[in-house]
Amino acid sequence: MKEINMAKTYNPKDFESRLYKTWMDKGYFKSSPNPDKKPFTIVMPPPNITGQLHMGHALDNTLQDILIRWKRMDGFEALWIPGTDHASIATEVKVVERIKAEEGKTKYELGRKEFLSRAWDWRNEFGRKIVNQLEQLGNSCDWDRERFTMDEGCNKSVTEFFVKLYEKGQIYRGNRIINWCTDCKTTLSDAEVEYEDQDGNFYHIKYHLKDSDDFLEIATTRPETILGDSGIAVNPEDERYKKYIGKTAILPLVGRELKIVADDYVDLEFGTGVVKMTPAHDPNDFEVGQRNGLEQINVMNEDGTMNELCGKYEGMDRFECRKAIVKDLEDAGYLIKIKEHDHNVGTCYRCHTVVEPRLSEQWFVKMDELAKPAIDILNNKDLQFVPDKFDKTYLQWLENIRDWCISRQLWWGHQIPAYYCQDCGEIIVANSAPEKCSKCGSADLKQDEDVLDTWFSSALWPFSTLGWPDKTEELDYYYPTSVLVTGYDIIFFWVVRMAFAGMFCMNEKPFDHVLVHGLVRDSQGRKMSKSLGNGINPLDIIGEFGSDALRYTLITGNSPGNDMRFYMERVEYARNFANKLWNASRFVFMNIEGDEFKNITREDVKDSLTLGDKWIISRANNLVKEATQNMDKFDLGIALQKISDFTWSEYCDWYIEIVKPRLYGEDIEAKKSALYTLTYVLEKVLKLLHPYMPFITEEIYTHIPNSEGFIIVADWPKYIEEDCMAKEEDMMETIMSGIRSIRNVRSEMNVPPSKKAKVIIVPNEDAKEAFELGKDYFTTLASASAVEITGDKSGIPEDAVSIVNDGGEIFIPLAELVDFEKEIERLSKEKDNIEKEIKRVNGKLSNQGFLAKAPQSLVDEEKAKKDKFEEMLKSVEERLVNLQEKN
């Protein structure tokens, strides 16, 4: 028999790390293909190896852990694959900074091989850091299957994906506009560009027509790029400019002839309706230039300085050049005006340098054909977003997708598997380095020095982690995965890529559902950031309040797709809830003394179950049904709220109080049925709570006399038809309503709980049985000295307080509630105090000096006080008159 020795006080530090180690040692997180079970699979969105656990990670991982723990208990073969991301740019920046700080060298001075060695050292040093943090959160991942986006298996997958795309004609190398960071010296994906509101200007400039005094007025925010202008565009339907189509304008300061073309891209309503075309420095201009045969003139170096095509401006920084050109335009009479303009400016997510759209020869993935199957799986409902409002976001991105630039000018990452023949220029794409050129036979081959975009490997995550391209047992059993949990901010960048990669490589969707959550904001609704200094470290919360309290805080009130605010008051409430559960459980176990109370079954007590017992059993049964239904719909926050409300209110505040007389009484059978019901319902509560609060529920569960093993692998509660007792629930609600009414009246009359009073109930016909069965509950919970149930009102004292509710009418003799003389004395003193306050306020408000000097807000405050005190005085006087009449 179990020894029941729960600690007196709830302290998560006593058991959280101990329990996690136990779970790990017993292998409860592990999963393997099981033909007798349905699989339920989640792959963890891999956090960067440079990262520190933040509230977004905590929310994302808590949601995943809830789903995995629930499905594991519900009979599924639940697999949660953890992993980390190599994060090309972020990691390279960190390693470069370390080398510079410690050795004063650049990566180029070290050379690629030595630099990569240092990068792997970084990964080995810091890669486990965030994993250890996730363990503190309670993540029940299969850590034996932990993956890294640059491990041997993922490397193989990435190379296979690249080669497969290339062979199908979906990858090409070409000159296109890309996002360029002049500080990191690399291309950036759209996901790595952050937009900031910045103050800027529209510079209105004259572009004269050739051999004419006429000019077109053109507005630009980037005058430094006019050096790369090769054309002018107007809308073909714009009556103002139709006559200029096909003519030539002259580029100010430079003298270059610019062809005026017609293109639907130009917005008739925006700006002047005339747009300068700089195809090498703007993605839209590039497309217009492609359609109209405009020259691509790149006027910038990789470091953001102007190149040799810029004449006197060569060598200037782009923003320095902007100032110089604006001055020269003004001096030469080309500048019409400068108009202030606030606009979104793209910046590098790592260094916050303004991103430069720039023509560059890079590797690209053609997206048109790849996007179609990814669109179909959503339209066919094979892939579903929760909430479905994000369908539109997903489709909008895919239906307007551009070719994806996948090459990065970095060393840390998956090196592009393309080899260049140094003799004939042939490009060879292969899974492994070729020995000689397939065209000319030369052995002088050089691998492309660039690496692939980090998202290229992340796109394969749902199946590369299961062994693809090899045909593994795991891949066959666990794919497609069940749920992807992610924030709404990376639907475009990651979810879309996984969708088309899954369809291309596996001919199958990567997951059934995408559960989208919002951001965790501070209590003022602001995004947490270093610059605002409003970030909260989840580990600090865990250290002070425990992991369960943090998890509870993140999930209560959380709804799919919506941001949430993080309040410390909610953390304290979560800790208080855990404390309430702990104390209630300990109270139950303290009353289980003697072997006769430790192995009680339903059969033993079925004939002695009271109305209250049946009510709480039925309510717990309904809770199982409702909470499970909510979880099935991914309404995890609603489910938790229902579970915690039931636990705190119905189980702790009502049922435990109801059964105390039986626990302290001499009737052994009554005590048995009470203890059976207490432990039966408690076990259900603990199981329902376990996915949300795994540590405290496991610790309490191990003390339940009849429980076996650990709750993490216990069976999920099922709805039992026989436990549905609607009649008992209705009767108990009638009783509880009556008790609440009595409590309210006593509170309004300031009657202390220790003051007992007789309760007389005149029930409605349909409530008579309920009041008869629940008669004793009024004694326990409504401070009743005696309870009388009668069919008429003939013997009820005239001064009795009357309470009407749905079950009938309840009376309490006023003399038993109130000591008239003491209450009159107390109210008289209260009246005197209020009158003094009114006199003080009136004195202030009649003081002309105060009225003249005090701020209006202070005067208004005093007037409000006067109104409040006068209202209080009126109430006290009415109660005094009432009591004096009855005394």
Side-chain angles (χ1 to χ4, degrees), residues 85-89 91-92 107-108 111-113 115-116 119-120 149-181 184-190 192 298 302 358-370 402-461 464 468-469 497 500-501 504-505:
D85 191 279
H86 63 281
S88 291
I89 295 178
T91 304
E92 184 146 327
K107 70 176 188 178
Y108 302 103
R112 186 171 193 138
K113 183 177 180 181
F115 175 80
L116 289 177
W120 278 104
T149 49
M150 280 180 61
D151 65 28
E152 185 178 346
C154 287
N155 274 328
K156 183 179 179 181
S157 299
V158 167
T159 303
E160 178 71 17
F161 186 40
F162 188 96
V163 172
K164 197 175 174 76
L165 285 168
Y166 185 79
E167 290 174 347
K168 296 284 187 181
Q170 297 297 140
I171 281 184
Y172 65 93
R173 195 163 185 255
N175 264 309
R176 295 183 68 87
I177 296 290
I178 47 85
N179 302 309
W180 182 262
C181 177
C184 297
K185 307 283 193 308
T186 182
T187 56
L188 301 173
S189 70
D190 293 334
E192 293 158 341
N298 191 339
E302 291 182 354
R358 183 172 180 270
L359 188 69
S360 181
E361 187 173 39
Q362 303 288 340
W363 287 93
F364 294 87
V365 177
K366 291 181 183 177
M367 291 307 306
D368 288 349
E369 290 302 314
L370 291 173
R402 291 179 173 175
D403 288 356
W404 173 21
C405 176
I406 55 173
S407 45
R408 299 289 179 269
Q409 290 62 56
L410 303 165
W411 286 354
W412 176 244
H414 300 278
Q415 194 169 351
I416 292 174
Y419 305 84
Y420 303 100
C421 178
Q422 302 302 294
D423 291 330
C424 72
E426 179 73 359
I427 300 176
I428 304 162
V429 171
N431 282 295
S432 57
E435 294 181 1
K436 60 182 180 179
C437 175
S438 57
K439 184 175 182 181
C440 71
S442 170
D444 190 7
L445 301 174
K446 185 178 180 182
Q447 187 174 357
D448 195 307
E449 293 192 350
D450 288 353
V451 299
L452 289 162
D453 178 13
T454 299
W455 296 101
F456 193 86
S457 57
S458 300
L460 313 179
W461 196 239
S464 67
W468 187 87
R497 283 164 170 73
F500 74 70
F504 180 78
C505 296

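Model, not experiment: these values are computed from the prediction. Along the sequence shown, residues carry numbers from 1.
- No side-chain heavy atom of Lys168 sits under 4.5 Å from any side-chain heavy atom of Glu369.
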For Leu452 and Ser457, what are the C-alpha separation, side-chain angles and deciding distance, and is it a side-chain contact (heavy atoms from CB on, under 4.5 Å)?
CA-CA 8 Å; Leu452 289 162; Ser457 57; over 6 Å; no
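- When all heavy atoms of Ser88 and Val451 are compared, the closest pair comes out as OG-CG2, 4.5 Å.
- Heavy atoms from other residues, nucleotides or ligands lying under 6.0 Å from NZ of Lys439 number 12 at most.
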For Thr159 and His414: C-alpha separation, side-chain torsions, deciding distance, then whether side-chain contact (heavy atoms from CB on, under 4.5 Å) applies.
CA-CA 8 Å; Thr159 303; His414 300 278; over 6 Å; no
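- Residues Phe161 and Ala501 share a closest heavy-atom pair of CZ-CB, 4.0 Å.
- To the nearest 0.5 Å, atom CG of residue Leu165 and atom SG of residue Cys505 are 6.5 Å apart.
- The CZ atom of Arg173 sits 7.5 Å away from the CG atom of Asp450 when rounded to the nearest 0.5 Å.
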Using ring-ring contact (aromatic ring centres under 6.0 Å, His included), reason through Trp412 and Trp120 one step at a time and then give a plain yes or no.
CA-CA 9 Å; Trp412 176 244; Trp120 278 104; 5.2 Å; yes
Verdict with supporting geometry, Glu361 and Asn175, side chain to side chain donor-acceptor pair (under 3.5 Å)
CA-CA 4 Å; Glu361 187 173 39; Asn175 264 309; 5.0 Å; no
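- Using a 4.0 Å cut-off between a side-chain N of Lys or Arg and a carboxylate O of Asp or Glu, Glu92 and Lys107 qualify as a salt bridge.
- Once rounded to the nearest 0.5 Å, the distance linking CH2 of Trp180 with SG of Cys405 reads 9.5 Å.
- A distance-only check finds a donor-acceptor pair linking the side chain of Asp403 to the backbone of Met367 [under 3.5 Å].
- Taking all atoms of both residues into account, the shortest heavy-atom contact from Gln447 to Pro417 is NE2-CA, 4.0 Å.
- Considering Tyr166, Phe364, Trp363 in turn, Phe364 is the only one that fulfils the ring-ring contact (aromatic ring centres under 6.0 Å, His included) rule with Tyr172.
- Put simply, OH on Tyr419 and CG on Leu445 are 9.5 Å apart, with the number rounded to the nearest 0.5 Å.
- Using modelled atom types, no side-chain atom of Asp448 and backbone atom of Ala418 make a donor-acceptor pair closer than 3.5 Å.
- No side-chain donor-acceptor contact under 3.5 Å links Gln170 to the backbone of Val365.
- Classification of the Phe456-Trp404 ring pair by plane angle, with boundaries at 30° and 60°, yields tilted.
- The shortest non-hydrogen separation linking Cys154 to Met150 is CB-N, 4.4 Å.
- The CG atom of Asp151 lies 8.0 Å from the OG atom of Ser464; values are rounded to the nearest 0.5 Å.
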Check residues 421-429 and write down every donor-acceptor pair under 3.5 Å in which the side-chain atom is one partner and the other belongs to a residue at least two apart or another chain.
from	atom 1	to	atom 2	distance (Å)
Gln422	NE2	Tyr420	O	3.0
Asp423	OD2	Ser442	OG	2.4

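- Using a cutoff of 4.0 Å between basic side-chain nitrogens and carboxylate oxygens, Arg408 and Asp453 are scored as salt-bridged.
- Between the OG1 atom in Thr454 and the CD1 atom in Ile406 there is a gap of 12.5 Å [rounded to 0.5 Å].
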Verdict with reasoning, Gln409 to Glu302, per side-chain contact (heavy atoms from CB on, under 4.5 Å)
CA-CA 11 Å; Gln409 290 62 56; Glu302 291 182 354; 5.7 Å; no
